Structures are given as C-alpha cells and as structure tokens.
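Only one structure is covered here, and it is reproduced in the block below.
Note that this is a predicted model, so its numbers are computed, not measured. Below, chains carry the letters A, B, ... as their sequence lines are ordered, and counting in each starts from 1.
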There are 2 protein chains.
Amino acid sequence: MDDAKPLSISRQSLQRMPIYLENLKKLRAAGKSHVSAAFLAGELGLHPVQVRKDLAAVSSVDGNPRIGFALAGLIEDMEDFLGCNNANEAVVVGVGNLGRALLSYKNFAGYGLSIIAGFDSDPAVAGTTVHGKEIFSASRITELCGRFGVHIGIITTPASSAQEVCDAMLLGGIKAIWNFAPLHLNIPDDIIITNENLAASFAALSGRLRQQRDAPKL
Amino acid sequence: MDDAKPLSISRQSLQRMPIYLENLKKLRAAGKSHVSAAFLAGELGLHPVQVRKDLAAVSSVDGNPRIGFALAGLIEDMEDFLGCNNANEAVVVGVGNLGRALLSYKNFAGYGLSIIAGFDSDPAVAGTTVHGKEIFSASRITELCGRFGVHIGIITTPASSAQEVCDAMLLGGIKAIWNFAPLHLNIPDDIIITNENLAASFAALSGRLRQQRDAPKL
DNA sequence: TAGATTGTTAATCGATTAACAATC
DNA sequence: TAGATTGTTAATCGATTAACAATC
C-alpha cells in the first residue's frame, strides 16, 4: 500500500523529469550521495515545492528530512519512470539536415531512446547510412515500421509530404509522433503527438523580445 | 481610442500566432477573402473561443459577424504583430548537424527571421560557409555580435561549452537566447530564453506513450 | 428577419506557490 | 534538542472554456 502513485502526471512535470535525471546523474558523477529538492530547485531555477512534488511523484521511497533524497535510488526510480531501460525505439522520415541531426544526436542514448533507421523519398539518399543507421526508401515506411515493431515516428519532411508520411506511419503501427513539419496533422484521437514547430518557436522568442522592448517599463 | 490592445499576451497565445499566420496565408493562396475563427479552430484542432481571443488580440479591426475576419487585414496585422517586417536577425553558435539544419532552414524567412552567421570553435569549420552564410571562429562571438547588432543568439553546442558561449553572447549584446544545449544556463533576469531540449522532448513523448499504454483504460 | 459569428463576462480547470505540521 | 527538509492541504494564479447578449 505504499506504492500508490498518482495515476497520471502533468505534462509539464513529465517534461521536467529528463532534466532532473540529467542533473541527478551529474551530481552522482560528482560523488554526492544525497540531494535535497531545494538544492535541485536552485540549480535549475525552479520552485522548491514544485521540485519536491515532481520527485515525490516518481520516487519509490520517501525523501529524508534533514538530508534529502538518496541519489542512487532516485536515479533508478526516475530511469524506471521514464522507461530508460526499455530501449524506446523510433524511426525518422526525412533525412535532410534536421533528420541527420536527430540521427546523429548523442543525448538520446542516456534516456534509452534510439532512432534505429531513417526514410527518405530521394533515391540518392535511400540506401545510404547516417551515423551507422540505414536509410530506406519512403515507400517502405508502413512495411518496415511494422516489421521493426517501432511505435514512435519522427517527421522531419517538408510540410507538403508530412500528412502522407504520417498516414503511412500510422498504418505501420506507429502510436506516437514527433512532428517537426510546420503544419497541423490530422490523426485519430488515440495517437500521441508532439509538435515541434521551429519557426514558430523562433518567432515566439523574437516576439517576446519585441514585447519586452516595447513595454513602457516594468 | 480603438487601438487599445492588451499590453501583453500569454506565452501560449504567442506560440500559436505563427501557426495561425501560416494557415491564413494558405487560405489566401487558395483564393479566400474571409475566414471565421470557428473555421480556423476546426482546421487546427483548437477551441473556437481560444482562436477568437487570439485573433482579437492582434487584429486592428473587429471581426465581422456573419462572415468572419477579412484575410488580408488579418495577415497584415499578424505580420506586424510578430515583427515579420522587422528582419529579426540571429546568430548560431555550434555548426554541427543541428546548427547546419537551422542555418539552412527555409521556413524562417516567412516570419522575417534570419540567421545571418554562424560560429564554431573547430578551425576546420570556421572560415567555411553554410547555406551562403559565413562561419566565424568562436573566439569572435562577443566582437561580432556587437558589430552585427544582433540581439538573438542560438546555442547548438555541446552542453560543456554552452555556458561559456552564452556568456560571450551576453557580452556582445545578445538579449534573447534560443538554447538547444541540454543544460540550465545561468543568465540575468532581463534576458529572455527559450530552452529546446530535444532529448527531454523525446523522452517526454515516449513517457506519454508508456503512460497511455500502462493506463488501466480510459 | 433568421442565423452565423462576433466580443465579453463569468465559470472551470490545471498547475504553481504558500503555509504549516511532521520528522529525522 | 534545533534545524533542515519533508509531504500535504489550502490559496493563488493563469489559461481555457462556457454562456450569452450584440451585430451584421
């Protein structure tokens, strides 16, 4: 009766978890054995109570008044929580600069994440390898997603072909999509999606800068 | 007295603006002259009232009951709002795959955004050009940011050098940072920052997938 | 006119923060 | 013990959604 965890965790919390994990590992590497929520909060510029709540949501043991959380256990719990030991695999469609960047990105491994293959419609690209991973023809998306048994698909194609790619992925059994193409994809309700519109992020940042500059004062 | 706009707009709204803009342009290209908030909402999977509020926040004229908003005016207002005509310039430090991807990204232009130069500490990279843009030695960040008069800096270096790069940028007059390095940067309060942790996003997506799968049912 | 669509005011929802008693 | 740190309950805050009167 003491493993009763909240059934679901807020999206924002989830987003923060990998960041905690990274920091926890860094502390462990520095030889620490315990960490307090307050310390972590200071390190990351977050609110202490927020950190405490987040940690409590994943930790299998209670924190220790006076000394905080045992690092080792906390790291293990968080890795379990994030499924770091589950070898979460994905494929990426669209092997342009961005697709290449993702295929070569080293930080994924630390979370048990890996992109196992790529697809591209350009016959000059299909058949090559990037960072040791094979690139297949885009016509084989459905077939190979099914065969590989992957459930996460990454879309880094131009907007014009993204919906088509997405449909092919879904047919192949993809359940979660990380979409970098700047458009709204039509998908069934039970498919999970994260949209990563780089131009929109950039524009929003520049908009905030303007807003601050134009503000009378603070 | 009819240009009284809310002084500030929510971060989330701001994030949506570029998406509206993109869609509005598409509608214009399709020959439409007016659009209703309800239609846009349907198109983008958002709540109609939310869209209405967002549009009202930037539109200089009221929407028209019965027919909606005039596309032309709305596009113009939104471009003004986002500063699309202001040629917002940025530099990127770290010309690896990701830096290259951003330097070559075509969608920025539509929002008046451009990355005008890159920096890299690798002497083999400094001195080259990417997508027609010069890459300079990382030792010249402070000097050239100042000389170019740019206010937005993009960090795509490894985490280990990101803080150093950030400091150099701030000295060079950078006011807003788009950070892709997976770490928490220490910056003064008046500097605007957007953190774009790719591994964290990926991990969070995979976490949501797990959570859905593990859920008893819905 | 009738009906679609608007803008606005109030209610809801969800996440963050504050307050505080409990504990090593 | 005293004090740092915890977990929990209540207050705040901000964004989204609902309700509805106003308008072309």
Once salt bridge (Lys or Arg N to Asp or Glu O under 4.0 Å) is applied, do any residues pair with A/Arg208, and if so which ones, sequence neighbours excluded?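 So A/Arg208 forms no salt bridge (Lys or Arg N to Asp or Glu O under 4.0 Å) with any residue.
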Spacing of [X] atom [atom1] relative to [N] atom [atom2], expressed in whole Å:
X	N	atom1	atom2	answer
B/Phe69	C/dA4	CZ	C1'	14 Å
B/Leu55	C/dG7	CG	C1'	12 Å
A/Leu40	D/dT5	CG	P	12 Å

Please enumerate all residues that pass side-chain contact (heavy atoms from CB on, under 4.5 Å) together with [X], with sequence neighbours excluded.
X	result
B/Ile19	A/Asn197, A/Ala200, B/Leu44
B/Lys133	B/Leu103, B/His131
B/Ser33	none
B/Pro48	B/Ala41

By ring-ring contact (aromatic ring centres under 6.0 Å, His included) - contacts of [X] (at least two apart):
X	value
B/Phe119	B/Phe136
B/Phe81	none
A/Phe69	none

Each base of DNA chain C marked ( ) or [ ] if paired in-strand (Watson-Crick or G-U under 3.5 Å), | if paired to another strand and . if unpaired gives ..||||||||||||||||||||||
Can you give me the N/O atom pairs linking the protein to nucleotides 22-24 of chain D at distances under 3.5 Å, or say none if there are none?
none

Pairs involving residues 178-202 of chain B, ordered by first then second residue, that meet ring-ring contact (aromatic ring centres under 6.0 Å, His included) (sequence neighbours left out) |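 Only A/Phe108-B/Phe202, A/Trp178-B/Phe202, A/Phe202-B/Trp178, B/Trp178-B/Phe180 qualify under ring-ring contact (aromatic ring centres under 6.0 Å, His included).
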TODO: Have a look at A/Phe39 and say if it touches a base, only the backbone sugar-phosphate, or nothing, with a 4.0 Å heavy-atom cut-off.
DONE: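 No contact at all - A/Phe39 keeps every heavy atom at 4.0 Å or more from the nucleic acid.
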_Between A/Gln163 and A/Asp167, is there a side-chain donor-acceptor contact under 3.5 Å, judged purely by atom types and distance?_
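Their side chains do contain a donor-acceptor pair, which is all the 3.5 Å distance test asks for.
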Pairs under 3.5 angstrom, nitrogen or oxygen only, protein versus nucleotides 14-19 of chain D, please.
unit_1, atom_1, unit_2, atom_2, d
D/dT16, OP1, B/Arg16, NH1, 3.0
D/dT16, OP1, B/Gln50, NE2, 3.3
D/dT16, OP2, B/Arg16, NH2, 3.4
D/dT16, O5', B/Gln50, NE2, 3.1
D/dA18, OP2, B/His47, NE2, 2.8

